[in-house]
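All remarks here apply to the structure that follows.
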Amino acid sequence: MLHPNATARIDEEAIRALPKAEVHVHLEGTFSLLDLLTLAKENGVPLPGPAATLFDISSHDAFDAPEVTTGGGAGAGSAGLSGFLRFLDWQCGLVRTPAQAARVAYAFAARQSASGIRYSDVIVNPTHWNTWRGRELELLDALAAGLDEADQDGLCRVGMAYSLLRSQSPTEAEDAVAALVAASPRRVVALSVDGDEKVTGRTGEKFQGAFAAAAAAGLHRTVHAGESSGPEGVWDAIDLLQAERIDHGVRSIEDPALIERLIADGITLGVCPRSNVTLGIYPSWAEHPLPRLLDAGVAVTLNTDDPAPLGSTLEADWAVAAQQFGFGHAELVGFAGRSIDASFADPDTKAGLRAELAAHAEAVPA
Ligand code: ADE
Ligand code: ZN
């Protein structure tokens, strides 16, 4: 069933042409099927099932990481998300050398460029990359090398958000941030936390120290919340973790006081409707709260989360949203503008992108 405002499909070419940023996308969710098959062959790792169905979400509950399982937690909770996170463990476990890490980072920047994304924050959760345990800073260095090369080649500029896993202990989180702050690895612009809130319960308090240390060191903060948790996860992200952005945050719609707080504090939500529908947070696009969040006046960006295994691109997701919810060119220019404003890009990059978007909007009127 379509939303009452549904319109004809917007041309993806027009969406690609918009200068924009993406602020909620996981590097772990951008490996193509070809990347995976190549990595598996290079490392002599057998596939867990037929190559053609590796991205089939319904098969992910059967996944175990090749060495250490971390991301999904065990069994209980949102089965779709937990199984999916174990699949990410498996595929990131295939990245074993600095050259392979640089290659997937470079491929990410190329993928973003192909969607007309000019700057991207990318979430990197080292716990998924289980062969790099204890060598997280080396992993970041290898990824930064790939991103540097992409930058030199004129591809999308990328800043990394180092992500804690929701099931880590306070000590693990604080140690990770202390190492990060001491080394100040290039291209790391933010601290993040992701994983399945339904499995772990409320985690705001246990990460308070880690996020405070990140804030004191000048790192930005973005927090997954209000996806598999309700509004309480978003309150904790704001009150306890000093979040500047919320990844997902869609369940904020259930709490009018929280909506007021998001608006008052100028906190942007990094919404990913396809991910929410595919992973079972909402039954369909038509029932997704994106239009209600916009109507309420919340700053919302439109993102992919994990585009490769979800089988999508940013332009495809924007086109579906436009069709479902009746967004025209002006609304899409609005999404592009908010993506730039909400990004953790440096001020010059933001100013340049805003100017390009303004010129584009003038040259291509609605
Ligand atoms: N890591 C990758 N995708 C995620 C999601 N949708 N929620 C929480 N953690 C994630
Ligand atoms: Zn996410």
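Counting convention: from 1, in listed order, for ligands and their atoms alike.
Of all the atoms in ligand 1, the ones that sit under 4.0 Å from a non-hydrogen atom of His26 are 1 (N), 2 (C), 3 (N), 4 (C), 10 (C). Close contacts between ligand 1 and Asp194 involve ligand atoms 1 (N), 9 (N) [criterion: under 4.0 Å to a heavy atom]. Near Glu227, meaning under 4.0 Å from one of its heavy atoms, ligand 1 places the atoms 5 (C), 6 (N), 7 (N), 8 (C). Numbered from 1 in the order shown, with element, the atoms of ligand 1 that lie under 4.0 Å from a heavy atom of Asp306 read 2 (C), 3 (N), 4 (C).
More than 12 heavy atoms of other shown residues, nucleotides or ligands fall within 6.0 angstrom of atom CD in Glu287.
The shortest separation from a heavy atom of Leu88 to ligand 1 is under 4.0 Å, placing the residue in contact. Residue contact check for ligand 1: His248 places a non-hydrogen atom closer than 4.0 Å to it. At least one heavy atom of Gly195 sits less than 4.0 Å from an atom of ligand 1.
Neither the backbone nor the side chain of Asp196 comes within 4.0 Å of ligand 1, counting heavy atoms alone. Contacts of Asp247 with ligand 1, taken as heavy-atom pairs under 4.0 Å, are absent altogether. Contact annotation: for Asp305 versus ligand 1, heavy atoms closer than 4.0 Å belong to the side chain alone.
No hydrogens or angles considered: nothing links the side chains of Ser343 and Asp121 as a donor-acceptor pair under 3.5 Å. Between Arg166 and Thr203, the side chains place a donor N or O and an acceptor N or O closer than 3.5 Å (distance only, hydrogens not considered). Using a 3.5 Å distance cut-off with no hydrogens or angles, the side chains of Ser32 and Asp35 do pair a donor with an acceptor. In this structure, a donor-acceptor pair under 3.5 Å is absent between the side chains of Thr304 and Asp317. Between the side chains of Glu136 and Trp129, not a single donor N or O lies within less than 3.5 Å of an accepting N or O. Side-chain atoms of Ser115 and Glu315 form a donor-acceptor pair, as typed in the model, at a separation below 3.5 Å.
The nearest N/O/S atom of Asp305 to the Zn ion (ligand 2) is OD1. Note on His224: its N/O/S atom closest to the Zn ion (ligand 2) is NE2.
Cation-pi geometry between Arg338 and Phe335 is satisfied (NZ or CZ under 6.0 Å from the ring centre, within 45° of the ring normal).
Distance check for His24 against the Zn ion (ligand 2): an N/O/S atom falls below 2.8 Å. Among the atoms of Cys272, no N, O or S atom is found under 2.8 Å from the Zn ion (ligand 2).
The ring of Trp90 has its center no closer than 6.0 angstrom to the ring center of Phe31.
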